[in-house]
Protein chains: 2
Amino acid sequence: MDKYDSLKLENQLCFPLYAVSKEIIRRYKPFLDELDLTYTQYITMMVIWEAKCINVRDLGHRLYLDSGTLTPVLKKLEKKGYIARCRSTEDERSLNIYITEEGEALRDQALIIPQKMGGCISISQADFEAMYRTLYQMLDNFSEENEAEA
Amino acid sequence: MDKYDSLKLENQLCFPLYAVSKEIIRRYKPFLDELDLTYTQYITMMVIWEAKCINVRDLGHRLYLDSGTLTPVLKKLEKKGYIARCRSTEDERSLNIYITEEGEALRDQALIIPQKMGGCISISQADFEAMYRTLYQMLDNFSEENEAEA
DNA sequence: CAAAATTAAATTGTACGCAAGTAAATTGCG
DNA sequence: CGCAATTTACTTGCGTACAATTTAATTTTG
C-alpha cells in the first residue's frame, strides 16, 4: 500500500479503455485502407447509411463528435462522392447530409469489414456482452451529464 | 434481421469503447488543466513516476505509443522541467528518461486528480472489475500479436 | 573483421479531436 | 415588432496518433 497507488497506470480504468480502443482502430486500418476510408469516416458512414438523411448536429450527438471534427470529415466524404451536403430549407443554420448512390454502393463493399474484423477481438461472447452493457451504461450517464450542463 | 446489421453503429463494440475513452479523457481535462498537463502527458508521467528511469522504447510499450507520439510529448515535459532526457552511455541509440525533483513534486499535486475523477465514473465495483479484466485480457492478446508480427 | 541486417529515436505528413472564437440564422422576450 | 440570447456550423490553433522514412548505433553473419 503506497501513498501514490491511485497514480499507478495499472490502477486506472481509463488507460486500458484508451489503449484497447486505439489498438482495435489500428487493426481496422488495413481493411479500411482498401476502401480508402479512415475509422472516423467509417463510423460516420455507418450513421449516414442507416439514416439516409441526418444533420450535422444529430450526427455529432450519435458519434460524440463536434462540428470541429465533423466538418472536415464530411467535406472529405463529399469529395469522394459518398454524401451530399446541403443546407436545410427550413432552417438555414442546419446542414443536412444525404447518402448518394455511390455511398450506397460503398455500403455493400463495406460488408467485408465487420466480417474480416470478426476474428480480431478474441473475447468470449459473455465478456463481450457484459462490456457492451457497461460501456453503454457509461455513455448514457455521460449523455445525461452533457444534457444537464447545456 | 437486415443484410446490413453488421454495419450498424449499435452492433459494434469498438464504437462505445472509443466514445467512452474520449468522454472520460474530456472529463479529466479541467482537472489536468490546473496542473498544465494533457492526458497523454499525465499517463506518461504516471509511468515515469513509478519507474524513476525508463527509456523511450519501454515507455512506448507500456503506453502503447510509438516514438512519433512520445518524442514531442517528452520534449514538452522536459521543457516544463519534470523530466530529463539523456542518451544511454551503454547504447547511444537508447534515450533514458529520468524524473526530476520538480517532477517528483508534481506527483504530490497530481494526487488530487484521481480523487476528483472518482465520482466521474458511475458504474458498480463489480462492473468496473469485470471490464478491467476483459480490457487487460484484450490488451494481452494484442501484445502477443504485436510481438508475433515483429 | 566488414558488410548486411537490425534496432532506437527522430522526423515528416496526414488525419483527427477538441476548445475557443466567429458569423449567420432563428428564437424568445419585453 | 425589434433587439438580445441562442443555436448551428465553420474556422483556428494546439496536441496528439500513427505510418513511413531517415539517421545513427549496434548486432549479426558470412
Side-chain angles (χ1 to χ4, degrees), chain A residues 15 18-33 36-44 54-61 63-80 85-97 142 146-147 149-150, chain B residues 15 18-30 32-33 36-45 54-61 63-80 85-97 142 146-147 149-150:
Chain A
F15 172 70
Y18 155 89
V20 166
S21 165
K22 283 189 308 158
E23 285 295 308
I24 296 182
I25 290 172
R26 213 158 66 76
R27 278 159 175 76
Y28 268 105
K29 190 174 186 318
F31 306 136
L32 289 172
D33 277 351
D36 188 30
L37 286 179
T38 64
Y39 180 74
T40 311
Q41 290 167 14
Y42 176 58
I43 58 173
T44 301
I54 189 170
N55 66 37
V56 174
R57 176 176 51 81
D58 292 343
L59 192 56
H61 285 159
L63 295 171
Y64 293 83
L65 292 172
D66 69 3
S67 68
T69 302
L70 281 175
T71 295
V73 169
L74 292 170
K75 284 185 177 173
K76 273 169 212 158
L77 288 173
E78 181 186 40
K79 205 168 185 177
K80 294 182 191 184
R85 297 160 69 244
C86 35
R87 290 282 162 186
S88 163
T89 47
E90 303 154 29
D91 185 339
E92 287 282 335
R93 290 170 303 179
S94 186
L95 185 73
N96 287 329
I97 308 297
F142 290 149
N146 289 346
E147 301 298 304
E149 86 192 26
Chain B
F15 172 69
Y18 156 87
V20 167
S21 164
K22 283 189 308 158
E23 286 292 310
I24 296 182
I25 290 171
R26 215 159 63 76
R27 279 159 175 75
Y28 268 106
K29 190 173 184 324
L32 289 172
D33 277 351
D36 187 32
L37 286 179
T38 65
Y39 180 74
T40 312
Q41 290 167 12
Y42 176 59
I43 59 174
T44 302
M45 286 306 299
I54 189 171
N55 66 36
V56 174
R57 176 176 51 80
D58 292 342
L59 192 55
H61 284 159
L63 294 172
Y64 293 84
L65 292 173
D66 69 4
S67 68
T69 302
L70 281 176
T71 295
V73 168
L74 293 169
K75 284 184 178 174
K76 274 169 212 158
L77 288 173
E78 181 186 41
K79 208 168 184 178
K80 294 183 192 185
R85 297 162 68 247
C86 35
R87 291 281 162 188
S88 162
T89 47
E90 302 153 28
D91 186 339
E92 287 282 333
R93 291 171 303 179
S94 187
L95 184 72
N96 287 329
I97 308 297
F142 290 147
N146 290 347
E147 302 299 303
E149 87 193 24

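Labels below follow one simple rule: chain letters A, B, ... track the order of the sequence lines, proteins then strands, and each chain is numbered from 1.
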>> Please encode protein proximity along nucleotides 13-20 of chain D as a string of B, S and -, counting only heavy-atom distances under 4.0 Å.
In response: --SSBBB-
>> Going by ring pair (Phe, Tyr, Trp, His ring centres under 6.0 Å), name the residues that satisfy it together with A/F15, two or more places apart in sequence or in a different chain.
In response: none
>> If the condition is side-chain contact (heavy atoms from CB on, under 4.5 Å), which residues does B/E92 pass it with, not counting sequence neighbours?
In response: B/R87
>> With a strict under 4.0 Å distance from non-hydrogen atoms of chain B, what nucleotide opens and what nucleotide closes the contacted stretch of DNA chain C, reading 5' to 3'?
In response: C/dT7 to C/dA19
> What is the distance, rounded to the nearest whole Å, between atom CZ of A/R87 and atom P of D/dT7?
Replying inline: 17 Å
>> Using a 3.5 Å distance criterion without hydrogens, assess whether the side chain of B/K76 forms a donor-acceptor pair with backbone atoms of B/Q41.
In response: no
>> Among residues at least two apart in sequence or on other chains, which ones pass ring pair (Phe, Tyr, Trp, His ring centres under 6.0 Å) with A/F31?
In response: none
>> Expected output is a numbered-order residue list: members of residues 90-97 of chain A with a heavy atom under 4.0 Å from any atom of DNA chain D. What is it?
In response: A/R93, A/S94, A/L95
> B/Y64: what forms a side-chain hydrogen bond (donor to acceptor under 3.5 Å, both in side chains) with it, not counting sequence neighbours?
Replying inline: B/S143
> Residues in side-chain hydrogen bond (donor to acceptor under 3.5 Å, both in side chains) with A/K29, at least two apart?
Replying inline: A/D33
> Considering residues at least two apart in sequence or located in another chain, which fulfil the side-chain contact (heavy atoms from CB on, under 4.5 Å) criterion with A/T40?
Replying inline: A/T38, A/T44, A/L65, A/V73, B/Y18
> For A/R85 and D/dC10, is the shortest distance between a side-chain N/O and OP1 or OP2 below 4.0 Å?
Replying inline: yes
>> Which residues pass the side-chain hydrogen bond (donor to acceptor under 3.5 Å, both in side chains) test with A/D58, not counting sequence neighbours?
In response: none
>> Taking salt bridge (Lys or Arg N to Asp or Glu O under 4.0 Å) as the definition, give me every residue that meets it alongside A/D91, ordered by chain and number, with sequence neighbours left out.
In response: A/R93
> What pairs with A/K75 under side-chain hydrogen bond (donor to acceptor under 3.5 Å, both in side chains), at least two apart in sequence or on another chain?
Replying inline: none
